[in-house]
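Step one of this worksheet: look at the structure below.
None of the values given here were measured: they were computed from a predicted structure.
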Number of protein chains: 2
Amino acid sequence: MARKRITPGKIRLTEVAKLAGVSPITASRFFRNPEALSVGKRARVESAAKELGYVPNLAARALASQRTEVIGVLIPSLTNNVFADVLRGIYDALDGSRYSIQLANTRYSILLEERLLRLFLAQKPAGLIVTGINQTPDSRSIMETVDCPIVQIMEIGPSPVDMMIGFSHFDAAKAAISHLLAQGYRRIGFLGARMDPRVQRRLDGYRFAMTEAGLFDLRLIVTTAIPTSVTLGGTLFADLLAKAPDIDAVFCVNDDLALGALFECKRRHMAVPEQMAIVGFNDLEFMASSEPTLSSVRTNRYEMGRNAAMMVLETLDGRRPTEPVVDLGFSVMERQSSTRRN
Amino acid sequence: MARKRITPGKIRLTEVAKLAGVSPITASRFFRNPEALSVGKRARVESAAKELGYVPNLAARALASQRTEVIGVLIPSLTNNVFADVLRGIYDALDGSRYSIQLANTRYSILLEERLLRLFLAQKPAGLIVTGINQTPDSRSIMETVDCPIVQIMEIGPSPVDMMIGFSHFDAAKAAISHLLAQGYRRIGFLGARMDPRVQRRLDGYRFAMTEAGLFDLRLIVTTAIPTSVTLGGTLFADLLAKAPDIDAVFCVNDDLALGALFECKRRHMAVPEQMAIVGFNDLEFMASSEPTLSSVRTNRYEMGRNAAMMVLETLDGRRPTEPVVDLGFSVMERQSSTRRN
DNA sequence: CAACCGTTTGGTAGCGCTGTCAATAATTCT
DNA sequence: AGAATTATTGACAGCGCTACCAAACGGTTG
């Protein structure tokens, strides 16, 4: 027959309880809801735990309580600077809380996202942060039936699964184009890579603004499914120039492309912004210190991550945010690269 | 007295076993070591699991088996591009394996690292990946007593806790300086930010090479504890020029600083590489496509992460790597920014 | 003084799985 | 063929914690 599995010096809740002179369940409560204890016992358990160096066994807790203290995060890429900032925000917000993060990379595939979602939810996460609003129908219905807080990040849309924080990529791109138009640029090219849903919506914003100004021209648009890079920015910009040599400005869907375009201009001895204006997207740190400084659309990525995590925490705390959909907005940073020196 | 906690439609291992007509423990074995089952039962359990959509309860597994399938990763920064690449390698290597990743940010503090280490180890991780070789003495002894595979990444040194993968930052910096010397540069400045232990060792390499060449001069060195950025690169480079206006080259401890220095040169209309050579470190993607292209020291960050994770996996598999210390090396990428056009 | 109420504490069982050992079936060996 | 292995399978208990219910306690009230 089976034996007693001995666990030699390990400190369990029982040990703490014994030292504190209370029952295990009371000790347990101390770690979950100290308020529920009388002041005396609270102090006794606290000092006992400290003395023994007790660390709760999360697996046992999860098994007994049927829930975990893990917040699942689904993002499409680990490479992208944008998500690095978002993640930093999430980690910072959860730092010091009892929740930890389980990260998974959907690689821009909503099918993979769905699979990861099922995996996550099977472990009963405390909360969930997912990227974007384009999930598979199955993903959506799974998320709707699950009863943990869910925040969709990066963009906003009409029907949140639960909560949502982001900004309008359409409006942001439109604003960038408006800025270029206001500066007197007319033949404004579009450079896009990866073309995920959010980039697609930036293209829509570009198209809308250009059409409205009566300046839309398909030849001004160069896109690719290849992941973005600075090098690619140079290549795409060269393609664009080949297709439309008369352009006087280019809007890039991210800053890497913009930097690549800038370098390509330098290589061709094209003056920026005199002969060519450049506007990027995201406003990464380097945009403000390049030569010339590069215009971009600032998006509040760190805040997005931070707030998303805080929205989850608040909901778990029973203090559900009054506004389930938060528009973090954007701002067009007008710098040298798109400012006509009149 | 306590009641039966009913769990309505939930699919447990028992259900799968029942459907498959085997005992629960046999079904359990199917998920952990299918080879151990006879072909018939294996197929029966497999189809039963699929039919019921069974997903194992990881908390129960962890509690019963006294170990988790989590690999802890301790890195000093989430912002730094370098770690993004390393992480990507780790995630890629673990993708498809049954292990998941628990990430924590030490914020370049070895005290915080020690605290996080204790937290991690209390949950009995399957493996551990930690950054660098400068842990607190307590951290070291904790790691030495624990019996899971541990890989130290980013650099190599004489006494691994367990395994190690990285390269010599000293040699890498030395090689960069040798390259500049070979190109005929003599007054070579040093730009350093953050100054974590690895950056410190790059400074040591610089100092060694310069001293050996009889060219060492304290005025050539500008460092700060501030986290790195492109903007900071410009600022530090300006500081350096103020201290030592006669420099003809600058070695930057990372590529962001190098890019910042390049922009600052442009702003001052200093010709690169004719009046000023620039060499960076890490060889981020943009270095090869800037104008001029920027020299750098290529480090194999993705491979480092990937291999580190694979070393953990192999050890867990019982196939311990023959070589516990892996030197991934580096290569000096000689580009326009440091090539005298004779 | 009994009845009542809210707060604090404890007893019991069980969360879903696997470690250990033993039993049985299938093979191989002498 | 019988013994000795080896490959499969199963029984049982328990991993460390918490949900649920009940009891004890302290204070009021009529």
Sequence neighbours left out, cut at 3.5 Å: what donor-acceptor pairs do the side chains of residues 110-117 of chain A make with other protein atoms?
unit_1, atom_1, unit_2, atom_2, d
Glu114(A), OE1, Thr136(A), OG1, 2.7
Glu114(A), OE2, Arg118(A), NH2, 2.7

Open item on the list: Quick check on contacts: within residues 20-33 of chain A, what sits under 4.0 Å from DNA chain C by heavy-atom distance?
Closed with: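 Only Val22(A), Ser23(A), Ile25(A), Thr26(A), Arg29(A) qualify.
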Open item on the list: Give the residues of residues 40-62 of chain B touching DNA chain C, defined as any heavy atom closer than 4.0 Å, sorted by residue number.
Closed with: Tyr54(B), Pro56(B), Asn57(B), Ala60(B), Arg61(B)
Task: Nucleotide dG14(D), atom P - distance to CG of Leu63(B) in whole Å - done: 14 Å
Task: Protein-nucleotide distance (Leu37(A), atom CG; dC25(D), atom P), rounded to Å - done: 17 Å
Open item on the list: I'd like to check Val86(B) versus Met154(B) (side-chain heavy atoms, cut-off strictly below 4.5 Å). Are they in contact?
Closed with: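 In short, these two side chains touch, coming nearer than 4.5 Å.
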Open item on the list: Regarding Gln102(B) and Gln123(B), do their side chains bring together a donor and an acceptor under 3.5 Å, going by distance alone?
Closed with: no
TODO: Return the angle between end axes of the helix from dC1(C)-dG30(D) to dT30(C)-dA1(D), with five pairs used per end and rounding to 10°.
DONE: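 Roughly 30°, once rounded to the nearest ten degrees.
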Open item on the list: With a 4.0 Å cut-off on N to O distance, would you call Glu15(B) and Arg12(B) a salt bridge?
Closed with: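 Here Glu15(B) pairs with Arg12(B) in a salt bridge, since their nearest N and O are under 4.0 Å apart.
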Open item on the list: Looking at Asp147(A) and Arg67(A), is there a salt bridge between them, counting it only when a charged N and a carboxylate O are closer than 4.0 Å?
Closed with: no
Task: Contacts of type salt bridge (charged side-chain N to carboxylate O under 4.0 Å, His left out), residue Glu144(B), not counting sequence neighbours - done: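 Per chain and number, Glu144(B) pairs via salt bridge (charged side-chain N to carboxylate O under 4.0 Å, His left out) with Arg140(B).
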Open item on the list: I need the Leu74(A) CG to Gln152(A) CD distance, nearest 0.5 Å.
Closed with: 11.5 Å
Task: Contact nearer the 5' end of DNA chain D, comparing Thr14(A) with Glu35(B) - done: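 Nearer the 5' end of the strand: Glu35(B).
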Task: Phe31(B) and Tyr54(B) aromatic ring geometry - parallel, tilted or perpendicular at 30°/60° bounds - done: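 Because their plane-to-plane angle lies in the 30° to 60° range, the rings of Tyr54(B) and Phe31(B) count as tilted.
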Open item on the list: Applying ring-ring contact (aromatic ring centres under 6.0 Å, His included), can you list everything that pairs with Phe167(A), at least two apart in sequence or on another chain?
Closed with: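 Scan of Phe167(A) (ring-ring contact (aromatic ring centres under 6.0 Å, His included), adjacent residues dropped) gives His169(A).
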